[in-house]
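Below, chain A is the first sequence line, B the second, and so on; all start at residue 1. Values below: all heavy atoms of this structure, side chains included; hydrogens, waters and symmetry mates excluded.
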Protein chains: 4
Amino acid sequence: MLFFRNDYGQGCIPEIMELLNNTNLNSFVGYGEDDLCLQAKSLIQSKMIDHDVDIHFISGGTLTNKTVISSVLRPFEAVISCDTGHIATHETGAIESTGHKVITVPNVNGKLTPQLIRKAFDEHMLTYEHLVYPKMVYISNSTEFGTVYTRQEIEEIVSICKELDLYLYMDGARLGTALMSGVDYTLNDLAEWCDVFYIGGTKNGALMGEAVVICNESLKPFFRFCMKQNGAMMAKGWLLGIQFKGLFENDSFYRAAKHANSMAQKLQDALSELKYPFLMKSETNQIFPIVTDKEYEFLSSVVDFEIWEKQDQNIAIRFVTSWTTTKEDLDSLIEYLKQAKALED
Amino acid sequence: MLFFRNDYGQGCIPEIMELLNNTNLNSFVGYGEDDLCLQAKSLIQSKMIDHDVDIHFISGGTLTNKTVISSVLRPFEAVISCDTGHIATHETGAIESTGHKVITVPNVNGKLTPQLIRKAFDEHMLTYEHLVYPKMVYISNSTEFGTVYTRQEIEEIVSICKELDLYLYMDGARLGTALMSGVDYTLNDLAEWCDVFYIGGTKNGALMGEAVVICNESLKPFFRFCMKQNGAMMAKGWLLGIQFKGLFENDSFYRAAKHANSMAQKLQDALSELKYPFLMKSETNQIFPIVTDKEYEFLSSVVDFEIWEKQDQNIAIRFVTSWTTTKEDLDSLIEYLKQAKALED
Amino acid sequence: MLFFRNDYGQGCIPEIMELLNNTNLNSFVGYGEDDLCLQAKSLIQSKMIDHDVDIHFISGGTLTNKTVISSVLRPFEAVISCDTGHIATHETGAIESTGHKVITVPNVNGKLTPQLIRKAFDEHMLTYEHLVYPKMVYISNSTEFGTVYTRQEIEEIVSICKELDLYLYMDGARLGTALMSGVDYTLNDLAEWCDVFYIGGTKNGALMGEAVVICNESLKPFFRFCMKQNGAMMAKGWLLGIQFKGLFENDSFYRAAKHANSMAQKLQDALSELKYPFLMKSETNQIFPIVTDKEYEFLSSVVDFEIWEKQDQNIAIRFVTSWTTTKEDLDSLIEYLKQAKALED
Amino acid sequence: MLFFRNDYGQGCIPEIMELLNNTNLNSFVGYGEDDLCLQAKSLIQSKMIDHDVDIHFISGGTLTNKTVISSVLRPFEAVISCDTGHIATHETGAIESTGHKVITVPNVNGKLTPQLIRKAFDEHMLTYEHLVYPKMVYISNSTEFGTVYTRQEIEEIVSICKELDLYLYMDGARLGTALMSGVDYTLNDLAEWCDVFYIGGTKNGALMGEAVVICNESLKPFFRFCMKQNGAMMAKGWLLGIQFKGLFENDSFYRAAKHANSMAQKLQDALSELKYPFLMKSETNQIFPIVTDKEYEFLSSVVDFEIWEKQDQNIAIRFVTSWTTTKEDLDSLIEYLKQAKALED
């Protein structure tokens, strides 16, 4: 069966597997203080030459969001997210479990806007002390809808965050695809803009692992205590070093994301041509066509993918590409999509 | 200045003050295990003759909601509330601070509906394990908008709660006004319908105090441990016993609420007659007229009240009556409202 | 039956009851922002003329400790207490419920010492990042054993706190009795020494209430958010203002504590004369004699008091005096103690 | 430099690496619901033929302890551990961060005893409601001191747990070495005795991973919600399936532990012969000799190991063996120990 279910359905890029094999019997100090972690951090730091950042590796996204957010906020402080944000939905209340409210506002194409941030902030100031205090803005880039923040959009968010004294935290579970979508900014810009962000490995070719980048000096101290308390400090920490060494040593991180985007955009074009409607037009590696029940029935018998949203008559589905998607996979999928369309006629 | 700001702006009804004076030098065991608490519980229990409930006294509403909800839910379980619910707004994230998400849905006249509950539940089942598990329904009665659930509305909510195996928790901060608004149900019915509810004293003539009523047998054990851990077990616990003995010994609880409702409804009628628009028509002791900037300016110079919501052109304000509101207060307010109206013309 | 069970078994001093009666029908703004609170704060502030402190009123001790400690510490930070400290024992895990470990060390006559603090700190530095970070020192004064810290003892603790960058928090549930035990320091000194402390009302003549005094500038902002989130912000906040106005307007706070101490010390002298052994010699209003089973049986039939600790053969019991203890109560108790002693012979 | 620092300083056993390589490009469903996880669970279940257990894989020990304990306990409930227990020390307050107190009692050779459990329980019943409620017993096997519970010791602990209605939770971070130390019990017995336990992979040949075994029927439901909320549900969950398939397919789990024990016991014998004193005699793969400053200085220049405890004159150190320790490593270490001893003479 064709696999378009997600971008974390296979193992890792060959560079990582090779490092795993080659270092398996070496001896390392534990808890992320080994040489491989140091090398990986150094490689990532080299992409942000204008900034002196702290980098930490954590095995997955929910654990990362939970550790970062609970490390930064005081008990009564809250984080603003749009309603499609990962922390507002698919983390089984991980943020609330650390005591913090997620202030949820409607999304605009999967994104937060300065207007939504200001509105949420102002409302909370109106009943001061009786509502939580909004202190952090959470954005995903690329978003859960495959869209990407433009330079201008981020700069406007940065500007309102500075004005209102809010931390900006970017969830980069799919940051590679954002950076490879044609935008005019880099990791170096993100280090300028964000207080904290993370570079996702799990969904871009690693076995696991997210690289937390702490840019704001005041948020750096004691982060490893927070990691340990959250169970986010791996005993064999060098395994995470290996992931990011493998991703960044030869820019595989960028190549993998570019490939995923390219496959996805070809798929989106083909879907358009076949007159499939979309829930949302994506700029990255997640594509959201809307299909009929009949089309769904056929497609789900030959392709592995996810239902995104049940609508009154139709079904919005999600196809995801990754570094493992081949041209043959894509051609087969498009062929199936043609057959599905023919069923309806 | 006339006081229509809220229903907790003065001390207590005379019956309570008398008890306080008469028992001040008596000796009591602490932590709510004294005779006055026993007497008060017995009085309240006598209003629910078909049910054997556990009753506990806690000093205020937020502390009560926090203690009850965290006592009932497992870590990954969440409570459904409408967006105007007290726990969703004016408790500075108290529920989240105990680790639980408040699933917020739009209100219908300040109320939750079975449809909204089912929709929220179903959405959470769709991405099972990745979203929190909705396990409790929270309703305020009377609501934050002064509206009251009918018998049928509650029965339908009870029915869906039983179907979906959800606990029903009623916040009765203003329960007296609900029961005195003309509904055809009593405390005895609430003991049948709710797993837990509380009878508000603070906003109905007591110095402080809410009476938690635990009806569901499985939720009774160890509640006092939860109280103590939340700082909700008063050393001089008999003070809370005094409040509820005073409220229920001669049905002052009902009389106080009835009086507040009556004053408020007269006010609402007068406002209608004066052609003031309303944010919401109330059935109890909170009234929500909409005024112009000019009207607001005048009124706020002579009456103490709260702004409820700023609208584009106008201002929704709130007048609240209580057991202390006199006919003279009401007449004066209506006179001011006439003058305000005249300003506009 | 004679009452020597505790110092919170009766209502309040007459000054407070009078204020309650006189203000009962006045109208106040809620949540502690009323004039009576302002007056009470001003009275307390006047006792600390060299310091500009923030003062907040909370209804009870556990709620105060929980709110203060969780307001100050980051998630991985812990508080050092001796094993008899209230937060380490009789708060049903309230501190842990906010996420913080209480590092418990052995007591020396109910007290912490600089040596114990340093040892605990050093041990935690040895396995840095894998143990919690000790960041606060908690001491009770007077202690749970009725002992009192001397000026020198506190100064030495302050000194090590400054050296190790630890916050010093003093639980003053029975601070009145400490200050009236003959020590050469005052509230003004405490404001110099502590980052935060609280002045206990509940156990010294108030119906309820503790006055939190925040001395460290960096800990002042947003404390009211923490109060609200913890359910520690009373709707009718002026009731707490009344307690402390009543206690401090005419120095009743000091007189009440002095009286309690004086009664207790006379009792302790009588016990010595009667050759009762002691668990601990007390300097304040809690006295800890050791009695035989036979003595216990007789005494408990005529006096209301607490068992403190069961020993192999004997029982350590606790007699507590307060502002309500009369000379007649004392004489009767001493007479009973004589009779109990005679039983044994 | 010789590596005797710990048992998690190298990668994984060859069987696991082979599985990783062979499955790297296969497509899997996420979150631990793949075939490899099913196979691994089935292999583990087959070792407990008399019991029907639930098995879940989590990446590390602290995350496992935190998820299990917070899943089982109500907010006011606490877990009893001896003072050397991992949850009482080296987890940076992870258990407290979920709101639960760890009741810490003195260890007896690194172990808990029925007497210690009963004493802690009884003390907490004495001041009912004002102290936390002990509801779980936590034991590590093998212990942090390398000792192992005998069948009789566990049976007596099980017996008191049943009597007092306490859950028994065994931390099996080093369970392999316990089972291979010559005891007369197996995983099948543990499934009979424990409510929950875990089988440690990280310290016995896996890259990462602990297998949680839930034996008590009432603790099984919704555990995956707890995992997700704690960030303990890996996206590429099959990686953990691979670890345990590799460990259990050919009993490598047992062989690895047996080898580590054998190397360690030879080392302990050699140390005895060389007249090194011990902090504690171990039955498994951690050895705790005491060395002088001079010996330490020399040894630490040629061997990588940990200081365990600084004593007045000497230093207790820890040597750990694992599946990677070779006979040559051992011989070299013993040679160095001889040289160190000669220095002193």
Item to check | Engaged part of C:L239 at the chain B interface, taking heavy atoms whose separation is under 4.5 Å | outcome: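 Just its side chain gets close to chain B.
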
Checklist entry - Looking at CD1 of B:I242 and CD1 of B:I16, how far apart are the two atoms once the value is rounded to the nearest 0.5 Å? => result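 One finds 9.0 Å between CD1 of B:I242 and CD1 of B:I16.
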
Checklist entry - What distance separates B:F305 CZ from B:L333 CG, expressed to the nearest 0.5 Å? => result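 Interatomic distance, B:F305 CZ to B:L333 CG, rounded to 0.5 Å: 9.0 Å.
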
Checklist entry - Under the ring pair (Phe, Tyr, Trp, His ring centres under 6.0 Å) test, which residues partner B:F76, sequence neighbours left out? => result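 Listed in chain order: D:F222, D:F225.
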
Checklist entry - Among all residues two or more places apart in sequence or in another chain, which pass the ring pair (Phe, Tyr, Trp, His ring centres under 6.0 Å) test with B:F4? => result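 Testing B:F4 for ring pair (Phe, Tyr, Trp, His ring centres under 6.0 Å), a comparison that skips the adjacent residues, returns none.
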
Next on the checklist: How close do C:F253 and C:L175 get, counting heavy atoms only, and between which atoms?
Outcome noted: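 Nearest heavy atoms, C:F253 then C:L175: CZ-C, 4.5 Å.
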
Item to check | Heavy-atom pair of closest approach, residues B:C12 and B:A206 | outcome: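 Closest approach of B:C12 to B:A206: CB-C, 4.1 Å.
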
Next on the checklist: One pair to check against side chain to side chain contact (heavy atoms under 4.5 Å, CB included): B:F319 and B:V303. What are the steps and the verdict?
Outcome noted: CA-CA 9 Å; B:F319 295 127; B:V303 189; 4.3 Å; yes

Next on the checklist: Less than 4.5 Å to any heavy atom of chain C: does that hold for the side chain of B:F28, its backbone, both, or neither?
Outcome noted: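 For B:F28, heavy atoms of backbone and side chain both lie under 4.5 Å from chain C.
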
Item to check | B:A173, part contacting chain C, at a heavy-atom distance under 4.5 Å | outcome: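 Neither part, no heavy atoms under 4.5 Å.
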
Checklist entry - Can you tell which of C:M208, C:M233, C:M17 has the highest number of heavy-atom pairs within less than 4.5 Å of chain B? => result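 Max contact count across the listed options: C:M17.
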
Checklist entry - For chain B, which of C:L20, C:L207, C:L25, C:V29 has the most heavy-atom pairs under 4.5 Å? => result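 When all of C:L20, C:L207, C:L25, C:V29 are compared, C:L207 has the most.
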
Next on the checklist: C:I287 vs C:I317, test: side chain to side chain contact (heavy atoms under 4.5 Å, CB included). Steps then yes/no.
Outcome noted: CA-CA 8 Å; C:I287 305 296; C:I317 63 173; over 6 Å; no

With 3.5 Å as the limit, can you list every donor-acceptor pair between chain B and chain C, backbone and side chains included?
residue : atom : partner : partner atom : Å
B:Y8    : OH   : C:Y31   : OH           : 2.8
B:G9    : O    : C:F28   : N            : 2.8
B:Q10   : O    : C:K236  : NZ           : 2.9
B:Q10   : NE2  : C:S27   : OG           : 2.7
B:G11   : N    : C:N24   : O            : 2.8
B:G11   : O    : C:K236  : NZ           : 2.8
B:C12   : N    : C:N24   : OD1          : 2.7
B:C12   : O    : C:N24   : ND2          : 2.8
B:N21   : OD1  : C:N21   : ND2          : 2.8
B:N21   : ND2  : C:N21   : OD1          : 2.8
B:N24   : O    : C:G11   : N            : 2.8
B:N24   : OD1  : C:C12   : N            : 2.7
B:N24   : ND2  : C:C12   : O            : 2.7
B:S27   : OG   : C:Q10   : NE2          : 2.7
B:F28   : N    : C:G9    : O            : 2.8
B:Y31   : OH   : C:Y8    : OH           : 2.9
B:T62   : OG1  : C:K228  : NZ           : 3.3
B:K66   : NZ   : C:Q229  : O            : 3.1
B:T92   : O    : C:Q229  : NE2          : 3.1
B:G93   : O    : C:Q229  : NE2          : 3.4
B:T202  : O    : C:K236  : NZ           : 3.4
B:A206  : O    : C:K236  : NZ           : 2.6
B:K228  : NZ   : C:T62   : OG1          : 3.3
B:Q229  : O    : C:K66   : NZ           : 3.1
B:Q229  : NE2  : C:T92   : O            : 3.1
B:Q229  : NE2  : C:G93   : O            : 3.4
B:K236  : NZ   : C:Q10   : O            : 2.9
B:K236  : NZ   : C:G11   : O            : 2.8
B:K236  : NZ   : C:T202  : O            : 3.4
B:K236  : NZ   : C:A206  : O            : 2.6

Next on the checklist: For a 4.5 angstrom cut-off between non-hydrogen side-chain atoms, does C:M1 reach C:V302?
Outcome noted: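 Sidechains of C:V302 and C:M1: no contact.
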
Item to check | Pick from B:G93, B:G61, B:G30, B:G60 with the largest number of heavy-atom pairs that fall under 4.5 Å of chain C | outcome: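 Highest number of pairs under 4.5 Å: B:G93.
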
